[in-house]
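Counting from 1, the numbers follow the sequence of the chain as shown. What you see is a predicted model; the values in this text were computed from it and never measured. One-based numbering, in listed order, for ligands and for the atoms of each.
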Amino acid sequence: MGEAPAFFVDDLHKSAINGNGTDLKPKDSKTSTDIGERTYVIGGMGDRSTPSICVRVFDRSTGEWFNPAVLGTVPLSWAGHSAVAVSEDRILIITKDSIPDDCIWFLEVDTQFVRDQKQNLGTEVVAWSKGVVGNIEKPIVISGPSGVGKGTLISKLMSEFPSMFGFSVSHTTRAPREKETNGVHYHFTERSVMEKAIKEGMFLEFASVHGNLYGTSIEAVEVVADAGKRCILDIDVQGARSVRASSLEAIFIFICPPSFEELKKRLYARATETEEQIQKRLRNARTELEQGQSSGLFDHLLVNDDLEMCYKRLKNILDLNGNTTTTNKKAQKTVNFSKHRENKVFISCGNAGMEEASTSLYVLDVSSLKGGAPGRTRGLNISAADHIPNGYNGIAH
Ligand SMILES: Nc1ncnc2c1ncn2[C@@H]1O[C@H](COP(=O)(O)OP(=O)(O)OP(=O)(O)O)[C@@H](O)[C@H]1O
Ligand SMILES: Nc1nc2c(ncn2[C@@H]2O[C@H](COP(=O)(O)O)[C@@H](O)[C@H]2O)c(=O)[nH]1
């Protein structure tokens with residue numbers, strides 16, 4: 001314990017550009033990056049056909065090594081990497097020989113998500129998150145008691161704007177209804193499987209609703225964003241609260257019935273639940289209505305009395321009728337050199353494998369990072385740079 005393995009000193013050399021991070025000689029497969037009292041050793045394992053990545057941590061205050069639980073989506077291709085700490089809570093990793101869409105990653109070491117998971121799992125944790133250039137439109141969280149018409153409103157929105165919105169397909173342990181399709185309406189899952197995935201940090205949120213487990217996986221939201229669409233989540237109030245507390249910035253809309261009697265009528269008319277289940281849903285509806293209307297959790301409350309009227313108001317909120325906008329604007333692609341000086345990382349990219357070796361210099365602005373583990377880190381800004389001003393972070397790639 002406490003002794004650094006051979007690779008720690010011998011195999012690493014400091015960045016040619018600023019000495020804060022490390023980059024690799026072609027044959028190397030590990031980097032070490034210091035944050036506070038800890039040194040994060042990130043290295044490739046396996047052979048070229050099945051490369052993988054491991055993380056070990058050396059705590060200089062105790063002189064001990066440990067292997068943290070590694071959460072999030074691990075980079076797939078791994079032919080080496082460069083690493084630099086961009087803040088107290090995360091390390092930027094640039095993987096070598098990757099396609100441009102797949103080369104920027106973050107290893108989070110002390111973000112809110114990591115701290116939460118440390119507490120949940122009772123162990124040391126780090127988490128991967130893939131960096132994505134540009135921002136996404138804020139996802140839309142729609143909540144409300146069972147039978148109020150959330151699904152009906154969402155279906156209308158998706159049919160009218162199929163290329164604009166994508167549905168976050170939740171996991172649930174409840175049995176499918178007659179017309180429901182696995183993978184479309186829900187991922188119908190065994191409780192033990194879902195509980196295991198929750199423990200492994202695969203879920204953005206989950207809750208026990210009307211006696212079953214429901215949850216939004218990180219991938220459910222990210223695949224919609226990756227497709228360039230705005231994600232819609234149909235989740236209960238507990239789930240909405242968890243999303244509010246997560247790194248996902250969203251718009252929260254609560255749908256109310258015109259009266260409790262009308263809600264009851266809709267649930268009976270839908271006829272998808274047994275008498276006992278309907279009674280349970282109605283009991284839970286009272287609490288949900290109380291919490292939804294009074295908690296300050298929701299940005300908008302909509303009464304679904306006349307369906308067409310409610311749909312129109314929903315479209316107003318989402319700026320689909322040409323009214324006030326509530327969506328965030330797309331990321332600015334240009335970099336302002338006079339601002340956020342400390343948040344720029346210069347990347348020197350060599351193409352030694354080509355006939356004429358050359359090096360290009362890019363500047364990565366990490367000042368407007370959004371999201372992060374357990375999903376993607378969005379909001380990266382990359383542009384060409386012609387020189388590295390004094391005092392900047394940089395890594396060779
Ligand atoms: N404005 C409305 N007026 C009358 N009936 C409605 C209205 N909106 C929805 N409904 C009907 O109410 C029933 C419940 O709607 P829906 O299934 O969309 O509710 P939900 O909120 O998604 O419920 P759950 O949370 O249980 O999935 C459906 O039969 C639907 O056709
Ligand atoms: N917290 C979450 N709640 C969810 C999720 N998916 C659905 N729901 C909510 O469950 C109830 C019941 O749905 P039903 O399809 O069985 O009628 C409803 O209020 C949904 O909003 C989820 O991923 N997380």
Test: K156 cationic atom under 6.0 Å from Y311 six-membered ring centre, within 45° of axis: yes
Selected option - heavy-atom contact closest to atom 15 (O) of ligand 1, from V303, T152, I235: T152
4.0 Å heavy-atom contact, R174 with ligand 2: yes
Atoms of ligand 1 close to G151 [distance to a heavy atom under 4.0 angstrom, numbered from 1]: 18 (O), 20 (P), 22 (O)
Atom 3 (N) of ligand 2: nearest protein contact (heavy atom, Å): D236 N, 3.1 Å
Whether D89 side chain and V109 backbone form a donor-acceptor pair below 3.5 Å: no
Between D34 and T39, a side-chain donor and acceptor under 3.5 Å: yes
G144 touching ligand 1 at heavy-atom level, < 4.0 angstrom: no
D305 to ligand 1, any heavy atom closer than 4.0 Å: yes
Heavy-atom donor-acceptor pair, S129 side chain to T377 backbone, under 3.5 Å: yes
Protein contact of atom 25 (O) of ligand 1 - nearest heavy atom, named by residue and atom, plus distance: K150 NZ, 2.6 Å
Top protein contact for atom 24 (N) of ligand 2, by heavy-atom distance: E205 OE2, 2.7 Å
R281 heavy atom under 4.0 Å from ligand 1: yes
For atom 23 (O) of ligand 2, closest protein heavy-atom neighbour: S170 OG, 2.6 Å
Contact with ligand 1 for P145, non-hydrogen, under 4.0 angstrom: yes
Per-atom contacts, ligand 2 versus R281 - under 4.0 Å to a heavy atom: 12 (C), 14 (P), 16 (O), 17 (O)
Nearest protein heavy atom with distance in Å, relative to atom 5 (N) of ligand 1: R266 NE, 3.5 Å
Any H185 heavy atom less than 4.0 Å from ligand 2: no
R90/D110 ion pair, N-O < 4.0 Å: no
Polar contact flag for E273 and ligand 2 (N/O pairs, less than 3.5 Å): no
Any N/O pair G215/ligand 2 closer than 3.5 Å: yes
R286 atom CZ, neighbour heavy-atom count above 12 within 6.0 Å: no
Co-membership, hydrophobic cluster, residues L263 and I253, 4.5 Å side-chain: yes
Nearest neighbour in protein (non-hydrogen) for atom 8 (N) of ligand 1: N304 ND2, 3.1 Å
Polar atom proximity, E288 to ligand 2 (N or O, under 3.5 Å): no
Residue part near ligand 2, for R241, under 4.0 Å between non-hydrogen atoms: neither
Residue and atom name of the nearest protein heavy atom (relative to atom 26 (O) of ligand 1), distance in Å to one decimal: S146 OG, 2.6 Å
Approximate separation, where rounding is to 0.5 Å, of I142 CD1 and L314 CG: 5.0 Å
Aromatic plane relationship, F298 with F254 - under 30° parallel, 30 to 60° tilted, over 60° perpendicular: tilted
Numbered atoms and elements of ligand 2 in range of G239, under 4.0 angstrom, heavy atoms: 1 (N)
Heavy-atom proximity to atom 8 (N) of ligand 2, best of V209, D234, N284: D234
Atom 19 (O) of ligand 1: nearest protein contact (heavy atom, Å): G149 N, 3.1 Å
Sidechain-backbone polar pair: E205 side chain, T216 backbone, donor-acceptor under 3.5 Å: yes
Close N or O approach (H210, ligand 2; < 3.5 Å): no
Ring centroid separation F188 to H171 under 6.0 Å: no
For atom 14 (C) of ligand 1, closest protein heavy-atom neighbour: G147 O, 3.5 Å
Exam field: side chain R266 to backbone V148, donor-acceptor pair closer than 3.5 Å: yes
For atom 27 (O) of ligand 1, closest protein heavy-atom neighbour: R270 NH1, 3.5 Å
Check: G36 main-chain N/O paired with R60 side-chain donor or acceptor under 3.5 Å: yes
Modelled atom types, side-chain donor and acceptor of Y268 and E275, under 3.5 Å: yes
Residue pair N182 / H187, side-chain donor-acceptor N/O under 3.5 Å: no
Which of the ligand 1 atoms, numbered from 1, are nearer than 4.0 Å to a heavy atom of L307: 1 (N), 8 (N)
